[in-house]
Amino acid sequence: MLGRRRMYLDVSTWEQKLQELIQQEKPWAKWTLKLDENIQPGGMARGWRQYMQRAFGRFCCSSCHRSWASAQVKILCHMSTQHRIYNGQVLLRIFAQRCQKCSWSQFENPEFSSDSTMRILNNLAQCILHSYYGHNFRKMPVAPVVGLNGPHDRSNCEACTLGICVRGSQVPIKKPTESPPSGPNPRFLIFYGNEIPGDPPLEFTSDDIIRIFCFALFFIVWIVICAKQNKSNW
Ligand SMILES: [Zn+2]
Ligand SMILES: [Zn+2]
């Protein structure tokens, strides 16, 4: 059963931390955070954006009290600014896992250490700052994990059962079904696995700089040649 899971994180503390992280860069921005177990990967309403990351969390089986850790805890966020760019909201869903030993048991929610919580919220804040305010995306990796052995237990992972738990970098979960011919459709802007979101970079890359430099050089040479020809024509 997914519907009767206990409350597992203090969402008002998370919201407050997220707020602080965003306001360090954008003092006027106000973002709310709510848990929502009904949001679906790729199922955003128009104007919403999605961010998916994975984190390190610990689980405890409510049947046998066995505990386990996973660095593959999937976290899905849907974000929207509604009417004003400085007022935004985030809906957050954390995917559960089930005990390997008790296959009949319910999916359990993870608990996060303060370090893991900080990484999750920092990545979310970075994503918001990047996709709504044009900042660089500085991701924090999943916490280095000691003592984790064995592959990801796919048959007991809620995200795997929904087909969204692919290990690796950006994976589009759902293709745009009604996207306009030009420009990205924000409904399907999907970020995955702590990677840099798929927006085009706002700064010049080194390739751009080389291109601009070559163009400028060509232009100068052309002007010099024209000037010399004008002189010789005199
Ligand atoms: Zn168990
Ligand atoms: Zn999985």
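Keep in mind the model is a prediction, meaning the values are calculated, not measured.
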**Q** Which heavy atom of A29 sits nearest a heavy atom of Y133, and at what distance?
**A**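 Scanning both residues, the minimum pair turns out to be CB-OH, 3.7 Å.
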**Q** How about K17 and Q19: does a side-chain donor come under 3.5 Å of a side-chain acceptor?
**A**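 Their side chains do not contain a donor-acceptor pair, so the 3.5 Å distance test is not met.
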**Q** Under 3.5 Å, is there a donor on one side chain and an acceptor on the other for E108 and S62?
**A**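 Indeed, the side chains of E108 and S62 share at least one donor-acceptor pair under 3.5 Å.
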**Q** Kindly give the heavy-atom pair with the smallest separation between L21 and L129, and that separation in Å.
**A**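 So the minimum-distance heavy-atom pair works out to O-CD1, 4.4 Å.
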**Q** Is W104 reachable from W68 through a run of hydrophobic residues whose side-chain heavy atoms are each under 4.5 Å from the next?
**A**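 Different clusters: W68 never reaches W104 through Ile, Leu, Val, Met, Phe, Trp or Tyr contacts under 4.5 Å.
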**Q** Validate the cation-pi geometry between R49 and Y132: distance from NZ or CZ to the six-membered ring centre under 6.0 Å, angle to the ring axis within 45°.
**A**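 Pair R49/Y132 counts as cation-pi.
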**Q** To check you understand the geometry: which heavy-atom pair defines the closest contact between G42 and Q50, and what is its length?
**A**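 Heavy atoms of G42 and Q50 come nearest at N-OE1, 2.8 Å.
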**Q** What are the two closest non-hydrogen atoms of C157 and F107, and how far apart are they?
**A**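 Nearest heavy atoms, C157 then F107: C-CE2, 3.9 Å.
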**Q** Relative to the ring of W14, is the ring of F112 parallel (under 30°), tilted (30 to 60°) or perpendicular (over 60°)?
**A**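 Tilted: the ring planes of F112 and W14 meet at 30° to 60°.
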**Q** Can you get from L217 to I225 by hopping between Ile, Leu, Val, Met, Phe, Trp and Tyr side chains that sit under 4.5 Å apart?
**A**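 No, L217 and I225 fall in different hydrophobic clusters.
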**Q** Any non-hydrogen side-chain atom of Q72 less than 4.5 Å from a side-chain atom of R154?
**A**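 Side chain of Q72 against side chain of R154, heavy atoms only: no contact under 4.5 Å found.
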**Q** Please confirm whether the backbone N or O of G57 pairs with a side-chain atom of S116, one donor and one acceptor, at under 3.5 Å?
**A**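 Checked: no pair found.
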**Q** Would the number of heavy atoms belonging to other residues, nucleotides or ligands and lying under 6.0 Å from CZ of R66 be above 12?
**A**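 Yes, enclosed.
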**Q** Quick one, Y51 and S131 - any side-chain contact, counting heavy atoms below 4.5 Å?
**A**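 No; the side chains remain at least 4.5 Å from each other.
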**Q** Say whether, by atom type as modelled, one donor and one acceptor occur between the side chain of Q53 and the main chain of I120 under 3.5 angstrom.
**A**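 Yes; judged by distance alone, with no hydrogens or angles, the pair exists.
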